[in-house]
Trainee: 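Pasting in a structure now, in structure tokens, and then I'll have a few things to ask.
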There are 2 protein chains.
Amino acid sequence: MSLMWTVKVVGLGAVALSLSLEALAWLHRRLRPGKILNEVLFFPSETACVQHIFTPPSPYSCFCSLPHGVETSFSRLLSYLMSASSSLDLCVFAFSNMDLCRAVVALHHRGVNVRVLTDKDYSAITGSQIGVLRKAGICVRSDINSVYMHHKFAVVDGRLLITGSLNWTLTAVQSNMENVIITEEPDLVRPFIQEFRRLWMQNDPTQYHDSSEQKAARVMGESNN
Amino acid sequence: MSLMWTVKVVGLGAVALSLSLEALAWLHRRLRPGKILNEVLFFPSETACVQHIFTPPSPYSCFCSLPHGVETSFSRLLSYLMSASSSLDLCVFAFSNMDLCRAVVALHHRGVNVRVLTDKDYSAITGSQIGVLRKAGICVRSDINSVYMHHKFAVVDGRLLITGSLNWTLTAVQSNMENVIITEEPDLVRPFIQEFRRLWMQNDPTQYHDSSEQKAARVMGESNN
């Protein structure tokens, strides 16, 4: 009889143990619902056709002379950008890359809420696409409070951060050594959302009061690349 | 008697449950030894004395006219840099900031293995600290394979990544809108370690063979800030 009870006690203990293990594993899965996206893209990017990103699904529908069906750093960057479904907050120093401009305009036409903050001086340089964005009806603000608004980041749908050394130019994409981080890590995304909100409000054109000190501070002497 | 055994069984089950919970919590702590460091610094930074970072522990040992005992984006950046104990791999486009130069030289003198990769053109501009690093005996290589070596990242002890839009200049720190990410996230740190290794080998001066095409590609026309 005593042996039988011992067996029962051990059995019940084992059942309790396995049940609690199951419960904890379930809890663990619930608290961490999957791996957080963290990716790094390096440039210069190989050159390849990106037409299929704008007109999916076929990667072979374009007949240009560039390689087709090749995934590159640039095509991945474009794809992450085009994944926006509700909002795109873009804060970029130099913006002359026509494919990136096409992506931003396409998102705007798709109904995505696009806001662009750029550097006052560089929005007027030759090849800048800022005018194209404005003409498309996208809300663009220029930073007037610093020597350079030197950020190069985008926040997609308030959840995905795209940031790095890469200006949105053709040379940066095709010729320079550059990096772009793609991350959903909340501790990294959150500060950029807050900073965008701060800069966006700070550069509201209805609130402009560019003091002479600020103007004087806009020196061009030192390298800021 | 039956009731007594039931009590014992339930009691033992509870003990087994709590023990297994403890064991799992311990295992969880072992597998995730703490929150991974993720921080974002924004610039321009407030100006404050950073002397205490070079000569700790007192923040009040310097008598300069700058504010003392104030933590700023720049002081945090310097502190993370100075936390290096074994290695610093630095890949930076423009390097003219004297405090950052002082930090890198101090690390070198402390025995930290410092490697610096920089842009060929920008290492020769007025105010560049690259010459100071070379004179201090730090191993510096210049990128000759791209139009611009435009990275601005550092890897501390092969574990901490410092990267962003910020060039290592005074204007970038004090006058521009800039960002720097500080992260220990392995999925972000690892690619930068690999990229540094690749670029370091690619720019080994014993292997230089700068072709005329590469020279021709070094156009200066487009903005690459």
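Everything numeric in this text was worked out from a predicted model, so none of it was measured. Chain letters run A, B, ... following the sequence lines, proteins first, then strands; residues in each count from 1.
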Trainee: Heavy-atom pairs under 4.5 Å with chain A are the metric here; pick the option from B/L166, B/N179, B/V9, B/T126 that has the most.
Mentor: B/N179
Trainee: Does any heavy atom of chain B fall under 4.5 Å from the side chain of A/Q174, the backbone, both, or neither of them?
Mentor: neither
Trainee: To the nearest 0.5 Å, how far apart are CZ in B/F43 and NE2 in A/H150?
Mentor: 13.0 Å
Trainee: Rounded to the nearest 0.5 Å, what separates atom CD in A/E178 from atom CD in B/E195?
Mentor: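 Reported to 0.5 Å precision, the distance equals 11.0 Å.
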Trainee: Tell me the closest heavy-atom pair linking B/S146 and A/S175, and the distance in Å.
Mentor: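 Where B/S146 meets A/S175 most closely, the heavy atoms are CB-O, 3.3 Å.
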Trainee: Can you label the angle between the B/W5 ring and the A/W5 ring as parallel, tilted or perpendicular, going by 30° and 60°?
Mentor: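 Rings of B/W5 and A/W5: parallel, under 30°.
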Trainee: Spell out the residues in residues 182-191 of chain A that have some non-hydrogen atom less than 4.5 Å away from a non-hydrogen atom of chain B, in order of number; otherwise answer 'none'.
Mentor: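 Contacts with chain B: A/E185, A/D187, A/L188, A/P191.
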Trainee: What part of A/F192 is in contact with chain B, defined as an atom under 4.5 angstrom from a non-hydrogen atom: side chain, backbone, both or neither?
Mentor: both
Trainee: Between the main-chain N or O of A/S165 and the side-chain N or O of B/H151, is there a donor-acceptor pair closer than 3.5 Å?
Mentor: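 It does not hold such a pair.
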Trainee: Side chain, backbone, both or neither: which part of A/L19 has a heavy atom under 4.5 Å from chain B?
Mentor: neither
Trainee: Contact between A/T163 and B/I181 at the side-chain level, heavy atoms closer than 4.5 Å - yes or no?
Mentor: yes
Trainee: Evaluate the side-chain proximity of A/L199 to B/M177: yes if any heavy-atom separation is below 4.5 Å, no if none is.
Mentor: yes
Trainee: For B/L21, is it the side chain, the backbone, both or neither that has a heavy atom under 4.5 Å from a heavy atom of chain A?
Mentor: both
